[in-house]
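Scroll down for the structure; my scribbles are underneath it.
Keep in mind that what you see is a predicted model, and the values were worked out from it rather than measured. First listed ligand is number 1; within each ligand, the first listed atom is number 1.
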Amino acid sequence: MRLPSKLEIAPGIALWPGALNAATQEELVREVFALADVSPFYRPVMPKSGKPFSVEESNFGSLGWVSTVEGYRYAKEHPLTHAPWPAIPEILLALWDAATGYRAPPECCLVNLYGEGARMGLHQDRDERALDAAVVSVSLGDDALFRIGGDTRKGATRSFPLKSGDVVTFGGPARLAFHGIDRIVYGSSRLIPQGGRLNLTLRRVTPPEA
Ligand code: MD3
Ligand code: FE
């Protein structure tokens with residue numbers, strides 16, 4: 001895969017607007033919903049409180065990120081069906097190589113499904129041990145308003161829109177930045193049959209063998 005030129009929107013953050021063409025976006029949506037046969041979307045809950053997320057989630061890859069009342073963790077199996085997660089689609093493996101150049105493939109592709117009114121509060125992605133690898137985010141479907149700050153919860157934040165087909169990498173000084181999705185513009189895209197937004201987040205979890 002070849003990517004067009006990137007925009008360095010902040011230290012450690014690269015954006016490729018519209019990196020995925022319409023046909024590739026459609027193919028990814030088909031693959032994501034085919035995954036749901038084996039690994040159905042489920043609604044995670046917050047550790048301790050048990051409060052349900054507003055997004056639904058599933059995973060591809062050898063390790064899936066899950067949140068239960070016990071805490072966050074990477075798991076080899078779906079928390080409800082106990083089936084192994086399906087493999088990460090080839091398109092996404094090629095995208096990871098092109099966007100990160102990292103020496104090992106991603107182990108996790110978290111799939112977030114946003115329906116009307118869904119959002120994601122400010123958080124850090126810090127359950128991974130391979131923090132030298134960037135995180136790759138793919139947006140599909142409805143537009144979203146993304147917010148990112150620094151390495152502490154307080155302090156300035158910036159917002160920018162994410163559109164269908166956009167690819168963003170977060171590495172180096174941005175890898176532990178607080179970030180979230182304030183809202184989606186429900187109905188702004190017709191890509192996803194039932195409406196809404198999909199976010200695919202690719203991560204390396206374990207350090208590659210030396
Ligand atoms: C900045 N997903 O799954 S993608 C997540 O659009 C997550 O569903 C959001 O945050 C979504 O964890 C935001 C952008 C993103 C993803 C990972 C990051 C930004 C990041 C990791 C580090 C810093
Ligand atoms: Fe995140």
What do you reckon, does Tyr114 put a non-hydrogen atom under 4.0 Å from ligand 1?
yes

With a 4.0 Å cut-off on heavy atoms, does Phe146 reach ligand 1?
yes

Taking [X] for its side chain and [Y] for its backbone only, find out whether a donor-acceptor pair lies under 3.5 Å.
X	Y	value
Thr24	Leu20	no
Asn199	Val138	yes
Asp142	Gly187	yes
Trp85	Ala75	yes
Ser58	Phe41	no

Report, in ascending order of atom number, the atoms of ligand 1 lying under 4.0 Å from any heavy atom of [X].
X	value
Ser137	4 (S), 14 (C)
Thr201	3 (O)
Ala174	22 (C), 23 (C)
Leu110	3 (O)
Arg197	6 (O), 8 (O), 11 (C)
Arg203	3 (O), 5 (C), 12 (O)

Whether Arg43 engages the ring of Phe53 as a cation-pi pair (distance to the six-membered ring centre under 6.0 angstrom, angle to the ring normal within 45°) should be assessed.
no

Would you mind checking which non-hydrogen protein atom is closest to [atom], with the distance to 0.1 Å?
atom	result
atom 7 (C) of ligand 1	Met120 SD, 3.5 Å
atom 3 (O) of ligand 1	Asn112 ND2, 2.9 Å
atom 15 (C) of ligand 1	Phe170 CE1, 3.4 Å

Side chains of Asp125 and His179: any donor to acceptor distance under 3.5 Å?
yes

Which of the listed options, Gln124, Arg147, Glu57, His179, holds the heavy atom that is closest to atom 16 (C) of ligand 1?
His179

The option among Glu128, Arg126, Arg175 carrying the non-hydrogen atom nearest to atom 22 (C) of ligand 1 is Arg175

Rounded to 10°, the NE2/His123 to the Fe ion (ligand 2) to OD1/Asp125 angle comes out at 90°

Just wondering, are more than 12 heavy atoms of other shown residues or ligands nearer than 6.0 Å to CD in Glu90?
no

Please determine whether a side-chain nitrogen of the Lys or Arg among Asp97 and Arg103 lies less than 4.0 Å from a carboxylate oxygen of the Asp or Glu.
no

